[in-house]
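To start, the structure itself, in C-alpha cells.
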Amino acid sequence: MLIIISGPAGVGKGTLCQVLCRENPRLHYSVSLTTRSPRPGEQDGINYHFVNEDDFMAQRNGGQLLEWANVHGNYYGTPARLVEQLRKEGRDVILEIDTQGARQIRRNTNDGVFVFLLPPTMQDLLKRIHKRGADAPDAIKRRYANAFRELEELEKYNYLVVNEEIEAAVLNINAIITAEKCRVSRHRTLLKQLLEEGDIDDLSLHR
Ligand code: 5GP
C-alpha cells in the first residue's frame, strides 16, 4: 500500500510519519531528495537526501524520480527505485509529499491512499511555523501563503485528518490504514483462491 500524506508546512507531517513508522514496523518512510539546505538537527539520508540542483536534475532527467516538484522555491522528489522494490516485497510505503507530487502519484498508480493533514486553525498553523524557528521571515510568508493554495486540493484526497493532538492524529491514520487493508479490492487473490476451493468456475469476481 502506498500512503500519501500531504498538508501545509508546519502542520506536523514529519513528526506524524516518524510516530507512525515507529508503531508500524511494516511501514517504510520514503526519504526524499531535496535541494534545500538542511535545518539544524536534520540528517542527510534520514530526513532527506540533500543534493545540489545538478544532481537533482540528473536524477529527474534520468527518470529516477517517481514524482518531483518545486515547493517554496526548492526541488523535492521521491526516488523511484526503493519505493518500487519495497512494494514488490509487499511492504507499505509512506510518502510525505506536497499536493503537486500527490497529483503525479494519483495519475500513475491506482492503489494510493491519499491523506490530507490539517491544522485546527490557520492561525495555529502560523504559530507552529514561527515556533519551529527554522525558516527566515520571507520563507515563513511563502509557506503560509502556499498553505491556502494547497487547501484547494483537499477534495482530491481520500481522507482528512486534523492534527490538533498528535496521538489522536496517529490513531486516525492507523484506523485509515486498517480500513484500507480490509478493502475487497486488495484481496482479489484470496477471493479467487477461496472460490477455486469450491470449484465454482463461472462466478463473477467483480462484484
Ligand atoms: P520542508 O522543506 O518543510 O521539509 O518541506 C516542504 C514541502 O515539501 C512539504 O510540503 C513536504 O511535504 C514537501 N515534500 C517533501 N518531500 C517531497 C517530495 O519528495 N516530493 C514532493 N512533491 N514534495 C515533497
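Quantities reported herein were computed from a predicted structural model and do not represent experimental measurements. Read the numbers this way: they start at 1 and go in the same order the structure lists the ligands and their atoms.
- Of all protein heavy atoms, the one lying nearest to atom 6 (C) of ligand 1 is Tyr76 OH, 3.5 Å.
- Contact annotation: Gly77 has at least one heavy atom less than 4.0 Å from an atom of ligand 1.
- Less than 4.0 angstrom separates some heavy atom of Thr78 from each of these atoms of ligand 1: 19 (O).
- Atom numbering of ligand 1 starts at 1 in the shown order; those under 4.0 Å from a heavy atom of Arg36 are 1 (P), 2 (O), 4 (O).
- Considering backbone and side-chain N/O atoms, His72 never comes within less than 3.5 Å of an N/O atom of ligand 1.
- For Arg149 and Asn146, the side-chain atoms include at least one donor-acceptor pair closer than 3.5 Å.
- For the 3.5 Å distance criterion, the side chains of Tyr29 and Glu96 qualify, holding a donor opposite an acceptor.
- Ion pairing between a basic and an acidic side chain is recognised when a charged N comes within 4.0 Å of a carboxylate O; Glu153 and Lys156 show such pairing.
- A donor-acceptor contact shorter than 3.5 Å is absent between the side chain of Arg143 and the backbone of His72.
- Side-chain contact, Glu53 with Thr35: no donor N or O sits under 3.5 Å from an acceptor N or O.
- The heavy atom nearest to atom 19 (O) of ligand 1, out of those in Ser32, Pro38, Ser30, is found in Ser32.
- Near Lys13, meaning under 4.0 Å from one of its heavy atoms, ligand 1 places the atoms 9 (C), 10 (O), 12 (O).
- Each of the atoms 22 (N) of ligand 1 lies under 4.0 Å from some heavy atom of Gly101.
- The parts of Asp98 lying near ligand 1 are both backbone and side chain, judged by heavy-atom distances below 4.0 Å.
- Counted by atom type alone, Tyr75 and Gln59 present zero donor-acceptor pairs between their side chains at under 3.5 Å.
- In this structure, Glu67 does not pair ionically with Arg107, as no charged nitrogen and carboxylate oxygen lie closer than 4.0 Å.
- In terms of protein heavy atoms, atom 7 (C) of ligand 1 is closest to Val71 CG1, 3.7 Å.
- Within the 4.0 Å heavy-atom cutoff, Arg39 counts among the residues contacting ligand 1.
- At the top of the distance list for atom 20 (N) of ligand 1, counting protein heavy atoms only, stands Glu67 OE2, 2.8 Å.
- Shown in contact with Glu96 at under 4.0 Å from a heavy atom are these atoms of ligand 1, numbered in order with element: 12 (O), 14 (N), 15 (C), 16 (N), 17 (C), 24 (C).
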Please walk me through it: do Phe56 and Tyr76 pass ring-ring contact (aromatic ring centres under 6.0 Å, His included)? CA-CA 8 Å; Phe56 188 94; Tyr76 296 84; 8.3 Å; no
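- Residue-ligand proximity, Ala69 to ligand 1, at heavy-atom distances under 4.0 Å covers atoms 22 (N).
- For the pair Arg87 and Glu84, the salt-bridge criterion is not met [side-chain N within less than 4.0 Å of a carboxylate O].
- Ligand 1 has no nitrogen or oxygen under 3.5 angstrom from a nitrogen or oxygen of Glu150.
- In this model, a donor atom of one side chain and an acceptor atom of the other lie less than 3.5 Å apart for Asn24 and Asn174.
- In Gln100, neither the side chain nor the backbone holds a heavy atom less than 4.0 Å from any atom of ligand 1.
- A salt bridge links Lys181 to Asp92: at least one charged side-chain nitrogen sits closer than 4.0 Å to a carboxylate oxygen.
- Of the protein's non-hydrogen atoms, the one nearest atom 15 (C) of ligand 1 is Tyr48 OH, 3.2 Å.
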